[in-house]
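Each remark here refers to the structure printed beneath this line.
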There are 2 protein chains.
Amino acid sequence: MASEMAGTRRPGGRTERTRLAVLQATLDLLAEQGFTNLTVDAVADRSGVHKTTIYRRWESRDGLVAAALRLGTEQPWTAPDTGSLAGDLAETLLELVQYFTEPGLRELPTASVLAAFHSPRAAEALHAFYEDRHGRSAVMVTRAISRGEVPAGTDAAEVVRVASGPIFYRLFISREPVTAADARVAAEAAAAAARAGVFVRDSARGGAESGA
Amino acid sequence: MASEMAGTRRPGGRTERTRLAVLQATLDLLAEQGFTNLTVDAVADRSGVHKTTIYRRWESRDGLVAAALRLGTEQPWTAPDTGSLAGDLAETLLELVQYFTEPGLRELPTASVLAAFHSPRAAEALHAFYEDRHGRSAVMVTRAISRGEVPAGTDAAEVVRVASGPIFYRLFISREPVTAADARVAAEAAAAAARAGVFVRDSARGGAESGA
């Protein structure tokens with residue numbers, strides 16, 4: 001989410017400039033100090049926007065962080081197109097690994113994951129970010145279906161979860177190093193499972209349940 | 001880790017009883033209040049062990065939490081044996097899902113994951129716990145190899161990471177519900193990738209690199 005959050009939606013308007021200044025200051029402070037140390041006062045200082053304005057629009061520290069995290073869904077991320085599902089997933093995961101491991105980049109996404117433990121509104125914003133990413137990633141699977149690589153009805157969100165799960169597992173659960181080689185293995189694993197038809201939704205199989 | 005941490009290693013000894021009382025009180029408070037609110041004073045109160053004793057043995061709040069989390073590696077978890085790798089993984093993941101979602105159970109493991117963000121010593125302890133689990137899970141893959149289900153040289157730790165990754169991804173990254181059906185899909189996915197040979201270590205392929 002980090003660098004992707006730096007852009008603008010409708011540049012020019014004063015309200016929009018204020019919004020971006022406040023949310024960018026929030027992201028900067030989140031990355032520098034973490035969620036538990038973040039204050040509205042510090043955001044006001046950093047952005048040069050008066051704190052009554054901030055409270056009027058975002059209500060609280062939690063509201064501010066949630067809005068800042070949602071900025072990520074406004075950015076123009078496009079899924080890679082390498083010619084194979086495994087290749088597309090590998091490129092996506094290499095970007096993910098870089099983003100969550102490189103000093104100077106990793107602070108914000110790590111703070112975002114952590115904020116969701118402390119704030120239900122941050123958790124909802126994180127959820128919205130990844131839901132958006134699942135939607136934008138679907139084209140990788142659609143193309144793989146049309147190439148005949150994976151069966152029709154393959155659930156794209158599940159492919160993304162299985163591909164990126166092992167990366168996040170290493171980062172935040174087993175607390176192990178994550179390398180580019182790990183990204184490639186995880187991409188290959190998700191692609192192999194997809195080819196084997198593991199992610200075909202029940203509805204696509206003709207079952208009674210509707211797909212997720 | 002939760003209920004598995006309640007047992008004893010060498011019951012009877014007074015030092016051992018004190019150790020377990022303190023570490024169990026730490027786990028209880030961690031589950032109830034989380035890492036950031038935990039204090040050595042509260043652990044002393046809860047365990048009935050004087051805080052100078054606690055400081056002498058564990059040095060700090062961080063040392064105490066790390067030792068408490070390591071208690072999990074002393075417990076006798078055994079991998080299931082259902083007759084297939086997918087079945088074994090599904091059973092392991094169903095247990096994981098229950099443990100991380102059921103009220104009354106989920107608080108401690110969730111607090112453990114969170115503690116690792118705040119304390120490098122807690123992160124090391126979490127790492128040791130999952131490393132231990134990777135080791136204990138290896139037998140599922142060894143058996144699958146001897147049944148001819150998956151190729152020789154399949155990296156058992158990687159199978160576990162890919163199987164459990166999507167569960168943790170839903171819990172802590174995309175913040176989505178996790179169901180038994182999700183556990184079964186994740187188990188099938190890891191087993192399918194293993195059958196396809198994705199997790200065969202480079203060393204087992206005769207490559208120059210040694211396996212993890």
Side-chain angles (χ1 to χ4, degrees), chain A residues 34-36 86 109-114 116-118 120 122-131 133-134 155 157-177 181-182 184-199 201-202 209 212, chain B residues 34-36 86 109-114 116-118 120 122-131 133-134 155 157-177 181-182 184-199 201-202 209 212:
Chain A
F35 177 79
T36 47
T110 305
S112 306
V113 171
L114 178 52
F117 281 85
H118 291 288
E124 276 167 40
L126 202 69
H127 172 71
F129 177 83
Y130 284 98
E131 196 169 53
R133 276 302 167 96
H134 294 167
D155 183 332
E158 198 59 20
V159 173
V160 173
R161 291 183 196 104
V162 168
S164 51
I167 306 301
F168 288 110
Y169 177 85
R170 284 174 176 270
L171 286 167
F172 300 123
I173 307 297
S174 63
R175 296 266 166 188
E176 299 172 271
D182 300 324
R184 285 189 204 97
V185 171
E188 288 290 345
R195 285 193 297 267
V198 172
F199 306 126
R201 286 185 295 263
D202 284 349
E209 273 182 57
Chain B
F35 177 78
T36 46
T110 305
S112 306
V113 171
L114 178 52
F117 281 83
H118 292 288
E124 276 167 38
L126 203 69
H127 172 72
F129 177 83
Y130 284 97
E131 196 169 53
R133 275 303 166 95
H134 294 168
D155 183 330
E158 198 57 21
V159 173
V160 172
R161 290 183 197 105
V162 168
S164 51
I167 306 301
F168 288 111
Y169 176 84
R170 284 175 176 269
L171 286 168
F172 300 123
I173 306 300
S174 63
R175 296 270 168 185
E176 299 173 272
D182 300 323
R184 285 188 204 99
V185 171
E188 288 291 346
R195 284 193 299 266
V198 172
F199 308 126
R201 286 183 296 262
D202 284 349
E209 272 181 59

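Proteins come first, then strands; the chains are lettered A, B, ... in the order of their sequence lines, and each starts at number 1.
- Across all their heavy atoms, A:Leu126 and B:Arg175 have their closest contact at CD2-CG, 4.3 Å.
- Between chain A and the residues B:Glu158, B:Arg170, B:Glu131, B:Glu188, the largest count of heavy-atom pairs under 4.5 Å involves B:Arg170.
- Between B:Ser164 and A:Tyr169, the shortest heavy-atom contact is OG-CE1, 3.5 Å.
- A:Ala196 touches chain B through its side chain: at least one heavy atom from C-beta onward sits under 4.5 Å away, while N, CA, C and O do not.
- Taking both residues in full, the closest heavy atoms of B:Val198 and A:Ala189 are given as CG1-N, 3.6 Å, listed atom of the first, atom of the second, then distance.
- Contact count against chain A (heavy-atom pairs under 4.5 Å) is highest for B:Pro166 among B:Pro166, B:Ala123, B:Ala193, B:Ala192.
- Residues passing the ring pair (Phe, Tyr, Trp, His ring centres under 6.0 Å) test with A:His118, sequence neighbours excluded: B:His118.
- Between B:Phe172 and the choices A:Phe172, A:Phe168, A:Phe117, the side-chain contact (heavy atoms from CB on, under 4.5 Å) rule is met once, by A:Phe117.
- Summarising the geometry, atom CD1 belonging to B:Ile173 is positioned 8.0 Å from atom CG belonging to A:Leu171; distances are rounded to the nearest 0.5 Å.
- Partners of A:Glu176 by side chain to side chain donor-acceptor pair (under 3.5 Å), not counting sequence neighbours, listed by chain and number: A:Ser174, B:Arg161.
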